[in-house]
Amino acid sequence: MADKNYNGKYVFGLDIGTRNMVGTVGYKDIGNRFVVEAQVVLEHKTRAMLDGQIHDIAKVAESIVHIKNELEQQIGKNLDEVCIAAAGRVLRTIRKRVDYDLPADTVITSEHVYSLEMLGVEQAYEDIRTATENDITRFYCVGYSVVQYFLNDYAITTLEDHKAGKIGVELIATFLPDEVVDGLYSAVEKAGLKVANMTLEPIAAINVAIPEAYRLLNIALVDVGAGTSDISIAKGGHIEAFGMMPYAGDEITEIIASKYLVEFKVAEKIKKSMNKKSVKFKDIMGISHTVTKEELTDVTRPVVDNITRQVADKITELNGDKPVSAVFIVGGGGKIAGFVESLADSLGIQRERVALRGKEVMQNIEFRAENVKKDSILVTPIGICLNYYEQKNNFIQVVINDEHIKIYDNDRVTIMDAALQLGLSNDYLFPKRGDEIVYTINGEKRMVRGEQGEPAVILLNGKESNLSAPVEAGDKIVIEESTKGASAQVEIMSLPEYSSEITFIVNGKEIICPRYVSVNGELMPGSYNVANGDEIQVLDYYTLEQVLDFMDLPYHKGITVNNVLAGPDEKVYGNFKIEYSSLKDISEMSYSDLPEDDSDGDLDSDLSENVTDSSNVPSGAEQDNSKEEGKTVVVFVNNTRIVMTGKPGYILVDVLDYYPFDTSVARGNKLLITINDEKAEFLSPVNEGDVIRIEWVD
């Protein structure tokens, strides 16, 4: 008898099945036991439900009203909210593993974990959209459960507060089509009720039939209804998988109806009486029949065997292509004679490890309602009520970017959930890096990342917000797409190798030069912007001609490298010695001493021209002044007065002995030297009063 003095919160659970509708009202007492105060079982008058889905909303609403009125009479109070469950027939599940790289030794926070899980849900949602791209059906994510976390690829129970460079998660995301949710809500609202909580039938059943303590074992739960057989797999302490087969009790009813030529309702009564020795009935022709239990078993055995074979195959698939250790069966369809044994045989496990569960799993349930028997058919209705306490779920409506959407409310709905429901990707929400550049330098592969963009701008009811902000029914959300950062840029001169230098010894003086850089086989200046795929070589040599160009000296055929006459293409490596001979010295050489390179084909004329053209001969080298006395010369270098003494004559390179100009660091692309505003060379003569400038230029 219902306790009409109870003034606490009642929970009204409604299991809208294909054949029956079960309404349950109860509450949790101080000992955490669930007390069933009232219960009503009603068979549909018509086939308003098929295979677990509402086909006639008005007829289902009438049945809900009938159950609601009877329950209110039993408890003496009005009911305005109800908890419901969706059938597994329309459930889509995606199992997804995702990983996320972080800087080394990052301390993992709850925000990291949440972002990781949302990434998994998004990718699962993308899988659903891809699989149904030719289907106009819109799916809603109704929740997800974490199977396993990973820390640097090692399985772990909890990520938060650990240090890692990589985190991962494997989860099961569950989805329902829009029409299923709308149909359930419409029927409930038409009956004058509000949905207080919504769960999934497999979740409701497993919460009662397989307690937490059992979930370390590899157990399958099969909820056999009239239209579907819902399957849940437990292993390792968590729910491993959900599945569904569209084969259940109605197939057995239909074979009876076909065999004995009776209408569906009569066939359903015959099925429920199969455990009796015999059943009497009339067919549609009015002919009376008496059929024994053995005959009915023989008629239905092929269908039962087919259903259990299909269910066994699905269990094996969900369990990683191997049988489970045990199976619990709930629901009215599993009570058919031979079902339990046939399922065990199909799975290839011992028959005693497959069992019909009813009162055995309801030890913590107290029934005060009259004429109620603890039976397997009540497992799911009780589970729907208990789910209200464990996870209050419901759908709420919000407006996001001017579009109305429904979100499964799990008491922690955020703007991120709404964004995912609308189909906004991570790229839309999170800042995007600009294009990266991948190149090789001296054979080593390198990458330069683009700049980070700006995150999405989020407004919640007109105020600036963020993705983790909670959402309530009726909220208005505006999300402006995140931006992409600037593409990566890197100039050759910024490369560490480019800043290194190479030193040559020219006429006894150190000349420090920046290294040359080859990009895809072509010499490039330091200002060159590296492109994706470039192959860069920082050379460890100059050609002789390149050294002379750097010093603004012309090439002639009397220059030696390490005391050997050299042509313009001679490779000159670091610390090689170059002697840049005066033209007088050249005139005294024999032709056989000169290199064979003769670019114009007339070595004799080149020599005679150089020797006779006195303008090309530095005055300091015109004659032997070694016997002249040393003299003093005053010049101005970069506006600094310096005095040089001790030599009979001076060339520009002598200035470096008096003026502290650092040639060891290249501060530009080229060294510019002028005497009295005229371009000069290191071997140019220097005279009294000359104005000299030495500077690096780009």
Side-chain angles (χ1 to χ4, degrees), residues 14-23 40-67 87-90 180 183-184 187 201 222-230 244-276 278-308 310-311 329-339 342 375-378 380-381:
L14 187 63
D15 182 12
I16 306 174
T18 299
R19 186 63 43 234
N20 298 306
M21 190 179 298
V22 181
V40 174
V41 179
L42 178 67
E43 185 174 343
H44 293 294
K45 295 179 181 180
T46 64
R47 301 195 73 178
M49 295 280 295
L50 291 175
D51 293 339
Q53 184 170 344
I54 296 176
H55 282 244
D56 190 330
I57 291 176
K59 292 292 185 183
V60 172
E62 287 179 10
S63 297
I64 294 174
V65 170
H66 179 85
I67 288 179
R89 186 190 73 85
V90 292
V180 173
L184 288 168
E201 288 185 0
V222 183
D223 184 358
V224 187
T228 64
S229 295
D230 296 322
M244 178 280 304
M245 297 301 297
Y247 306 101
D250 277 357
E251 273 72 28
I252 299 171
T253 305
E254 287 168 359
I255 195 64
I256 293 173
S258 175
K259 173 67 177 178
Y260 297 108
L261 203 62
V262 295
E263 61 177 303
F264 192 87
K265 283 185 177 181
V266 175
E268 187 71 14
K269 290 179 181 179
I270 295 172
K271 181 180 72 175
K272 291 179 179 180
S273 303
M274 283 182 61
N275 290 327
K276 296 180 180 179
S278 62
V279 182
K280 293 181 179 181
F281 57 88
K282 288 184 178 181
D283 62 21
I284 60 172
M285 308 302 296
I287 301 173
S288 297
H289 297 270
T290 300
V291 182
T292 65
K293 174 182 178 180
E294 290 74 19
E295 182 181 346
L296 282 173
T297 301
D298 289 341
V299 168
T300 58
R301 181 175 292 116
V303 178
V304 170
D305 288 346
N306 180 61
I307 295 172
T308 56
Q310 299 284 351
V311 171
I329 301 173
V330 298
K335 298 164 68 175
I336 299 297
F339 190 96
S342 179
D375 188 86
S376 63
I377 196 174
L378 302 182
T380 298

Q) Where do Val279 and Lys269 land on the side-chain contact (heavy atoms from CB on, under 4.5 Å) test, with the steps shown first? A) CA-CA 9 Å; Val279 182; Lys269 290 179 181 179; over 6 Å; no
Q | Residue pair Val304 / Phe339: nearest heavy atoms and the distance that separates them | A | CG1-CA, 3.8 Å
Q. Is there a side-chain contact between Val222 and Met245, using heavy atoms and a 4.5 Å cut-off?
A. no
Q: Report yes or no: does Ser258 contribute a side-chain atom to a donor-acceptor pair with the main-chain N or O of Glu254 at less than 3.5 Å?
A: no
Q: Mind running side-chain contact (heavy atoms from CB on, under 4.5 Å) on Thr380 and Val22 for me, showing each step along the way?
A: CA-CA 9 Å; Thr380 298; Val22 181; over 6 Å; no
(Q) Does this structure show an ion pair linking Glu268 with Lys265, if we count only N-O contacts that are shorter than 4.0 Å? (A) no
Q) Per the side chain to side chain contact (heavy atoms under 4.5 Å, CB included) rule, which among Thr300, Asn306, Val303 passes with Glu251? A) Val303
Q.
Quick check: do Lys282 and Val266 have side-chain heavy atoms less than 4.5 Å from each other?
A. no
Q | Heavy-atom closest pair, residues Met274 and Ala337 | A | CE-CB, 4.4 Å
**Q.** Distance-minimising heavy-atom pair for Lys293 and Lys276
**A.** CB-O, 3.1 Å
(Q) Whether Lys259 and Glu295 form a salt bridge (side-chain N of Lys/Arg under 4.0 Å from carboxylate O of Asp/Glu) is what I want to check. (A) no
Q. Any side-chain heavy atom of Val291 sitting closer than 4.5 Å to one from Ile270?
A. no
Q.
Once rounded to the nearest 0.5 Å, what's the spacing between atom NE2 of His289 and atom OG of Ser278?
A. 14.0 Å
(Q) Let's go through Ile252 and Ile307 carefully: what are the C-alpha distance in whole Å and the side-chain angles of both, what is the deciding distance for side-chain contact (heavy atoms from CB on, under 4.5 Å) to 0.1 Å, and is it a yes or a no? (A) CA-CA 9 Å; Ile252 299 171; Ile307 295 172; 4.1 Å; yes
**Q.** Asp223 CG to Thr228 OG1 distance, which is reported to the nearest 0.5 Å
**A.** 7.0 Å
Q: For Gly23 and Leu14, work out which heavy atoms get closest and say how close.
A: CA-CD1, 4.0 Å
**Q.** Shortest non-hydrogen separation from Val224 to Gly334 and the atoms involved
**A.** CB-N, 3.5 Å
Q: Take Asp283 and Tyr260 through the side-chain contact (heavy atoms from CB on, under 4.5 Å) test and state the conclusion after the steps.
A: CA-CA 7 Å; Asp283 62 21; Tyr260 297 108; 5.8 Å; no
(Q) How long is the straight-line distance from CD1 of Ile16 back to CD of Glu201, given to the nearest 0.5 Å? (A) 9.0 Å
Q: For Ala226 and Ala248, work out which heavy atoms get closest and say how close.
A: O-CB, 3.4 Å
Q. Can you tell me how far CD1 of Ile336 sits from CD1 of Ile329, rounded to the nearest 0.5 angstrom?
A. 11.5 Å
Q) If only atom types and distance count, is the side chain of Ser342 paired as donor or acceptor with the main-chain N or O of Gly338 below 3.5 Å? A) no
**Q.** Ser229 side-chain N/O to Tyr247 backbone N/O, donor-acceptor pair under 3.5 Å
**A.** yes
Q | Spacing of Ile57 atom CD1 and Leu184 atom CG [to the nearest 0.5 Å] | A | 9.0 Å
